[in-house]
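These numbers come from a predicted model, not from an experiment. Just follow the structure's listing: the first ligand is 1, and inside any ligand the first atom is 1.
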Amino acid sequence: MASALEEPLNLAPVTEGQNGTIGANGTSSSTKSQYDPNFTDNVIKATGPKANKRLAQLMPGLVRHLHDFCRENEVTVEEWSQSVEFLNECGRMSDDKRNEGQLFWDILGVESLVDEITYKVAADSGEKPTTTAILGPFWRPNAPIYPMGSSTILKDQGGDVTHMHGSVTDFTTGKPITNAEIDIWHTAPNGLYEQQDPEQPDMNLRGRFYTPDSGDYDFYCLRPTPYPIPFDGPAGKFLKLLDRHPMRPAHIHFIISAKGYKPVVTQIFDRRDEWLGNDSVFAVKDSLVVDFAPKQGDEKAGFDLKYDFKLVAVEDAKNGVHGGTEVTSA
Ligand code: BEZ
Ligand code: FE
């Protein structure tokens, strides 16, 4: 027999007195609930006095929202069992090369939302520090360290070689930052990260670079390619059930860090990309959209990309200068 989630969803409008927040089943209803009115409070009250402080703060809201959600939508045991199996499947599929749990939160926009919450928009407009964006599940620690001017391309698989360059500076003073680490990773032209693809050498299209006193950097990488997030697992099934596509607009990932500065996890996006306004994980922000320019006179690269990173000193952050995240545009 087909499970409920394999049937097309019946999104009949919610009417008063049925299953919506205005119905009789939610605790927020003014009408008497048909369920035990003390149940949710009893679950919340089970937390003991020595509970972890942050959890004790978070759990009442989470439990209340979850219970209200179940009551309002009349979630059945069969549907709940499917959610349990879904989570278990995410766990079974995850290892050091695949993070299905993170992928699930990403397609619901939760990583992008907490990124926005963590790094709040600087209150004043005008110049902003480099905007953050989600890490995603494909970062790997210990990428190779290369001298400036090197290439991260370990195997020729086609693609548009790009000379990327710019500076890393202190957002407040404008001074160059010495010894800032630029950690970069992106997919090959086939849309796969090296850990997803046995045909690519280990650590292909990844690298770390350290800025000299000038704060300037330069290296060779590829103009990125749009690609689908992995959709052969539970997160992919979920996208399908929601009639959603898995595509991400072409992007390059970075973590920029330096002693005394707030690290910036970010991505830059190619303006020409058709998926820019329709990112499956909702991570695009306007200031991270860049233009790749055709490059002449460099036999190694056909494209040029200049991008400057501006970091906020930890001390300045304490005094109210915020890291630069803006509201997602896709
Ligand atoms: C990525 O850009 O690598 C990514 C982000 C979120 C989910 C899947 C992939
Ligand atoms: Fe990516």
Side-chain angles (χ1 to χ4, degrees), residues 86 89-91 93-119 130-141 143 152-153 157 159-160 162 164 182-197 200 203-208 221-240 242 244-256 264-285 288-290 292 305 307 325 328-330:
F86 177 86
E89 217 180 317
C90 285
M93 195 142 201
S94 297
D95 54 25
D96 60 343
K97 292 194 168 170
R98 175 137 186 183
N99 190 338
E100 196 70 11
Q102 183 165 352
L103 202 54
F104 176 58
W105 287 121
D106 284 339
I107 64 177
L108 296 186
V110 177
E111 189 183 0
S112 220
L113 176 65
V114 296
D115 169 57
E116 184 191 341
I117 294 167
T118 306
Y119 290 98
T130 300
T131 297
T132 57
I134 64 174
L135 178 69
F138 292 114
W139 175 75
R140 283 183 69 191
T152 62
I153 308 164
Q157 295 176 284
D160 295 324
T162 297
M164 182 165 176
I182 301 171
D183 190 343
I184 164 188
W185 68 105
H186 64 76
T187 62
N190 63 4
L192 295 173
Y193 287 93
E194 49 85 22
Q195 71 263 56
Q196 299 175 285
D197 182 3
Q200 290 183 52
M203 295 287 179
N204 189 34
L205 302 169
R206 294 175 188 273
R208 286 181 293 160
C221 60
L222 292 177
R223 186 171 185 168
T225 313
Y227 67 85
I229 60 173
F231 57 91
D232 56 338
K237 275 189 216 155
F238 204 80
L239 281 178
K240 219 168 174 187
L242 291 175
R244 282 177 48 185
H245 70 80
M247 294 305 293
R248 292 223 60 206
H251 60 275
I252 305 176
H253 293 264
F254 298 92
I255 300 176
I256 316 293
V264 168
V265 177
T266 196
Q267 307 179 20
I268 55 172
F269 298 87
D270 190 341
R271 193 180 307 280
R272 74 170 177 180
D273 197 278
E274 63 174 305
W275 298 100
L276 209 54
N278 199 0
D279 183 358
S280 57
V281 297
F282 310 98
V284 179
K285 290 160 184 167
L288 298 174
V289 178
V290 298
F292 288 74
L305 177 63
Y307 197 82
T325 276
T328 49
S329 66

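Closest to atom 2 (O) of ligand 1 among all protein heavy atoms lies R248 NH1, 2.6 Å. Of the protein's non-hydrogen atoms, D106 OD2, 3.0 Å is the one closest to atom 6 (C) of ligand 1. Here the protein heavy atom with the shortest distance to atom 4 (C) of ligand 1 is P137 CD, 3.5 Å. Looking only at protein heavy atoms, the nearest one to atom 1 (C) of ligand 1 is Y227 OH, 2.9 Å.
Atoms CD and OG, on E89 and S94 in that order, are 10.5 Å from each other to the nearest 0.5 Å. Residue D115 holds its CG atom at 8.0 Å from OG1 of T266, rounded to the nearest 0.5 Å.
Contacts with ligand 1 closer than 4.0 Å are made by no heavy atom of Q102, backbone or side chain.
A salt bridge does not link K97 with D95: none of the charged nitrogens is closer than 4.0 Å to a carboxylate oxygen. Ionic pairing of D273 and R223 is not present here: no N-O contact between side-chain nitrogen and carboxylate oxygen is shorter than 4.0 angstrom.
Between the side chains of H186 and Y227, no donor-acceptor pair is found at a separation under 3.5 Å. Between the side chains of H251 and D270, no donor-acceptor pair of N or O atoms lies under 3.5 Å.
Not a single heavy atom of E111 sits under 4.0 Å from any atom of ligand 1.
Some N or O of Y193 is nearer than 3.5 Å to an N or O of ligand 1, by distance alone.
Taking backbone and side-chain atoms together, Q267 has no N/O/S atom less than 2.8 Å away from the Fe ion (ligand 2). The Fe ion (ligand 2) has an N, O or S atom of H253 closer than 2.8 Å.
Below 4.0 Å from some heavy atom of I229 lie the following atoms of ligand 1, by number and element: 7 (C), 8 (C), 9 (C). The ligand atoms of ligand 1 that sit less than 4.0 angstrom from a heavy atom of L103 are 7 (C), 8 (C). Listed by number with element, the atoms of ligand 1 under 4.0 Å from a non-hydrogen atom of H253 are 1 (C), 2 (O), 3 (O). Atoms of ligand 1 found under 4.0 Å from any heavy atom of V281 (numbered from 1 in listed order, with element): 6 (C), 7 (C).
Our summary of the site lists the angle at the Fe ion (ligand 2) between OH of Y227 and OH of Y193 as 100°, to the nearest 10 degrees.
Shown here is F231, whose CZ atom has no more than 12 heavy atoms of other residues, nucleotides or ligands within 6.0 Å.
Nearest heavy atom pair, residue A235 against residue E100, reads N-OE2, 2.9 Å.
For Y307 and F254, the ring centers are positioned 6.0 Å apart or more.
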